[in-house]
Protein chains: 2
Amino acid sequence: MKIGELSRRTGVPARMLRYYEEQGLLSPERADNGYRAYPESTVDRVRQIRGLLDCGLTTEIIRAILPCLDQPEHIYLLPENLNPRTLELLHHEVARIQQRIDCLTRNRDAVLEYLAAAQSGVAPCAGNRRSGERPAPSS
Amino acid sequence: MKIGELSRRTGVPARMLRYYEEQGLLSPERADNGYRAYPESTVDRVRQIRGLLDCGLTTEIIRAILPCLDQPEHIYLLPENLNPRTLELLHHEVARIQQRIDCLTRNRDAVLEYLAAAQSGVAPCAGNRRSGERPAPSS
DNA sequence: TCAGACGTTCACATCAATGTGATGGCAACT
DNA sequence: AGTTGCCATCACATTGATGTGAACGTCTGA
């Protein structure tokens, strides 16, 4: 698949696909004429990348965790993905991802609570707010 | 509280506190000499902002959801926070936050699975991978 | 009163993720 | 052959969140 088709199928501008390659997130083969040649699986991989970017992860972090996510099974545990430094880094990233999840969850709930109150027409004033409920300390 | 103390107590550079103000996330009073004067509550508010920024939300989105999170209760449901456009926007933001949570959760689990396999020394090759398990379609 | 710490604004720099345009090669079709 | 469309690289612009420094006012303690 050439870059145009990949772009159409993923909705990601060709410019960005070249950028992801520059960042080490994609490694297409090259045809004789120099055109990039992507395998089918790249469609999923690009979606993966987009999802993570949209969550606020950087290309650097994504580069680190990609091997965990989309390698064909038989090269899952290549030695170079297994040294203690890398494992440490991945554990660390999992922790950071978890923090994001927690923060987002708290704030989602806070907004939902607000919306519920607004729609019920009942202002959540001091009187009907249970004591434990502080507005979602974020970090 | 002046900007220096707020900065020390939150760990956020004074430069950034001024920036958040420019973005409408903070609105300190001014003393006679022109110095910014923050109330105690700003410490929490700044932590809130930082948490959300670290989750990948923009100052624009944060500005939209802040009224839900940290207003003193008696001004919770001001009319200007209640028009249908705003409610719509908030519902939309909740949906987007949920998407992020889902994406991060899927990918966290995928990395964890990988780490578990790596540490047990068992490569998750085609044979021991249950059929439903695809590597976390992100978006 | 002077120094030094802290505050102000303004402006320019950086970094990552993108947009956009210039310039040119390759391919397919008329 | 010429046109059209896709591809290539290179380069500069932009946006959002930051860093950094200049130039200047304010407070405070020796």
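Note: hydrogens, waters and symmetry copies are ignored here, and every other heavy atom, side chains too, is used. Quick note on labels: first sequence line is chain A, next is B, and so on, each numbered from 1.
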Rounded interatomic separation in angstrom, taking CG from A:Leu26 and P from C:dA17: 13 Å
Results of side-chain contact (heavy atoms from CB on, under 4.5 Å) for A:Gln23 - residues two or more places apart only: A:Tyr19, A:Leu25, A:Thr59, A:Arg63
Please say whether more than 12 non-hydrogen atoms of neighbouring residues, nucleotides or ligands are located less than 6.0 Å from CD in B:Glu5. yes
Among residues at least two apart in sequence or on other chains, which ones pass salt bridge (charged side-chain N to carboxylate O under 4.0 Å, His left out) with B:Glu22? none
Judged by nearest nucleotide, the residue sitting upstream toward the 5' end of DNA chain C, A:Thr58 or B:Lys2, is B:Lys2
For A:Arg18, check side-chain hydrogen bond (donor to acceptor under 3.5 Å, both in side chains) against everything at least two apart and list the hits. none
Gap between atoms CZ and P, on B:Arg18 and C:dT8 respectively (whole Å): 5 Å
Residues which pass side-chain hydrogen bond (donor to acceptor under 3.5 Å, both in side chains) with A:Tyr38, listed by chain and number, not counting sequence neighbours: none
A:Glu60 CD to C:dA17 C1', straight-line distance once rounded to whole Å: 14 Å
Between B:Ile3 (CD1) and D:dC27 (P), how many Å, whole number? 16 Å
Test: B:Asp54 and B:Arg50 ion pair at under 4.0 Å: yes
Assign a letter to each nucleotide of nucleotides 18-23 of chain D from its 5' end: B, base within under 4.0 Å of a protein heavy atom; S, sugar-phosphate only; -, no contact. BBB---
Listed by chain and number, what are the salt bridge (charged side-chain N to carboxylate O under 4.0 Å, His left out) partners of A:Arg36, not counting sequence neighbours? A:Glu21
Taking CG from A:Leu17 and P from D:dC6, how many angstroms apart are they, rounded to a whole number? 15 Å
List in chain and number order the residues that pass side-chain contact (heavy atoms from CB on, under 4.5 Å) with A:Thr105, two or more places apart in sequence or in another chain; answer none if no residue qualifies. A:Ile101, A:Arg108, A:Asp109, B:Ile101
Mind checking side-chain hydrogen bond (donor to acceptor under 3.5 Å, both in side chains) for B:Glu40 and listing every partner two or more places apart, or none if nothing turns up? B:Arg9
Provide a list of protein-nucleic acid N or O atom pairs under 3.5 angstrom, restricted to nucleotides 2-4 of chain C.
none

So does A:Gln98 have more than 12 non-hydrogen atoms from other groups sitting under 6.0 Å from CD? yes
Tell me which donor-acceptor pairs under 3.5 Å the side chains of residues 88-97 of chain A have, and how far apart each pair is, sequence neighbours excluded?
residue	atom	partner	partner atom	Å
A:His91	NE2	B:Gln119	NE2	3.1

For DNA chain C, find the residues of residues 30-43 of chain A with a heavy-atom distance under 4.0 Å and give them by number; none if there aren't any. A:Asn33, A:Tyr35
Provide, to the nearest angstrom, the distance between the CD atom belonging to B:Gln23 and the P atom belonging to D:dA17. 6 Å
Counting only side-chain N and O atoms of B:Thr59, is one of them less than 4.0 Å from OP1 or OP2 of D:dA17? yes
Using whole Å, what does the distance between atom C1' of nucleotide C:dA17 and atom CD of A:Glu21 come to? 17 Å
Round to the nearest Å and state the distance from A:Glu22 atom CD to C:dT18 atom P. 13 Å
